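Scroll down for the structure; my scribbles are underneath it.
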Amino acid sequence: MTTFPIAKIRSDFPILEQTIRNKPLIYFDNAASCQKPNQVIDCISDFYRQDYANIHRGVHTLSQRATDKYELAREKVQNFINAKSEKEIIFVRGATEAINLVANTYGKANIKAGDEILITAMEHHANIVPWQMLCEQTGAVLKVAPIDKNGELLYSEFEKLLSDKTKLVAVTQMSNALGTVNPVKKMVAAAHAKGIPVLLDGAQAIPHLKIDVQALDCDFYVFSGHKLYAPSGIGVLYGKQALLEAMPPYQGGGDMIRTVTFEKSTYAGLPHKFEAGTPSIADTVGLGAAIDYINSIDIEAIADYEHELLVYATEQAMKIKGLTIIGQAAEKGAILSFTLDKIHPHDIGTLLDSQGIAIRAGYHCAMPVMDFFEIPATARASFAMYNTKAEIDFFMQAVTELIKIFG
Ligand code: C6P
């Protein structure tokens, strides 16, 4: 077995070299957004220095070069998630926009009063609010599959909620607040057995798990580039070609049309039908570079290494008296959400920052999860491929100190 090239990986991320408040930066806020390697940063600056122009419009060399790079990024995404065709890869701003796109196109075309949309109790607001808005507009009903105190989906309850009225299932593959990884392949199969399409929110899963949309057989898969070592402002909606073809466009404007007259417009084919206006061109090219970077290491090696970090951090955290881990599912990604007796998560976050440690404290855009656990917030340490056990040790020491200070 080859060892994980952690020293080389860390040297690829220039931001990690700095000190914060005179302490080496420990960046444990990766579930919110992760840092970018030189390979991505350089790719974007080279692109602006050498190749930048608008795409799909110009006959000049730069426009053609920029178009080629943009479309190459689409192919890289296609291969990364094993989509059948590049036509199934729609570039959007992020997971949030992708879900809103589906709600406003597929949803408005296919969901009517009395129909049901099924989500789970561990969803991020991005996979709740767009469906609520759709329900308000159509008279459809939002159903929620419950979770247990470990933060695991009650699978049999999920199955029971799949009914003749269910017209769409939208679930997260990995919870951002708890780390729970859902049995999405089984969930897709159960929904399909009743003819119900499934959207998977892959915002958290994509940097940690190998994704194969054909093996999952999901109908839609959404993710953001910024959690995948790519820039913010670029994300992906994957959709099965037949579904995307049948869906009306989302936004109207340049690049998404075939013909326009004042009487009527006709629309471009896939994927351009869903990409109105000038997109985030350099960031898309940067997403392609991030995928190259991940492939150069191997996503499965990254997943194994991060799992090791999670297991180690969990073992250490369980030794700390007064610390409660929120989310103890058997299948978990590299997220450790916790509370401390007597210290509010926001204070934990601020005090850890004074030690150079970046975590997220709050409700993590998952208020219903906090309500379920009857807590206002958690502190959340989330790990990426560049984190180390030594960082976890320092972090645990800092947490132990906090508990001492607060008695
Ligand atoms: N979660 C977190 O700190 P956007 O903001 O569109 O890139 O991603 C939204 C989103 C959707 N689903 C899940 C499961 C997510 O975790 C997120 C983003 C970040 O947990 C920012 S709130």
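Given the structure is predicted, the values throughout are model-derived calculations rather than measurements. By convention here, the first residue in the shown sequence is residue 1. When a ligand or atom number is given, it counts from 1 through the structure's own listing order.
Residue A32 touches ligand 1 through backbone and side chain together, judged by heavy-atom distances below 4.0 Å. The side chain of R380, and not its backbone, has at least one atom closer than 4.0 Å to an atom of ligand 1 (non-hydrogen atoms only; side chain from C-beta on). Of the heavy atoms in R93, none comes closer than 4.0 Å to ligand 1. The residue E123 has no part lying near ligand 1, judged by heavy-atom distances below 4.0 Å.
Not a single heavy atom of E97 lies less than 4.0 angstrom from ligand 1. Put simply, part of D201 is less than 4.0 Å from ligand 1, judged by heavy atoms.
Residues M256 and K273 come closest through the heavy atom pair CB-O, 3.4 Å.
Using cut-offs of 30° and 60° on the angle between ring planes, the pair F4 and Y305 is parallel.
Ligand 1 places these atoms under 4.0 Å from at least one heavy atom of A203: 10 (C), 11 (C), 12 (N), 13 (C), 15 (C), 17 (C). Atoms of ligand 1 found under 4.0 Å from any heavy atom of R360 (numbered from 1 in listed order, with element): 2 (C), 3 (O), 19 (C), 20 (O), 21 (C), 22 (S). Heavy-atom contacts of Q204 reach the following atoms of ligand 1: 1 (N), 14 (C), 15 (C), 16 (O), 20 (O) (cutoff under 4.0 Å). Listed by atom number, the atoms of ligand 1 under 4.0 Å from T96 heavy atoms are 4 (P), 5 (O), 6 (O), 8 (O), 9 (C). Shown in contact with T172 at under 4.0 Å from a heavy atom are these atoms of ligand 1, numbered in order with element: 14 (C).
Here F223 pairs with nothing under the ring-ring contact (aromatic ring centres under 6.0 Å, His included) rule; sequence neighbours left out.
Atom 1 (N) of ligand 1 has its closest protein heavy atom at K227 NZ, 2.9 Å.
Nearest to atom 20 (O) of ligand 1 by heavy atom, out of I99, D29, N176, N127, is N176. Looking at S224, A31, C365 and measuring to atom 8 (O) of ligand 1, the nearest heavy atom belongs to S224. For the residues Q173, H226, H124, H364, the heavy atom positioned nearest atom 10 (C) of ligand 1 is part of H124.
Aromatic rings of H56 and Y70 (six-membered ring for Trp) have centroids within the 6.0 Å cut-off, being under it. Ring centroids of F274 and Y250 are separated by 6.0 Å or more, keeping the two rings apart.
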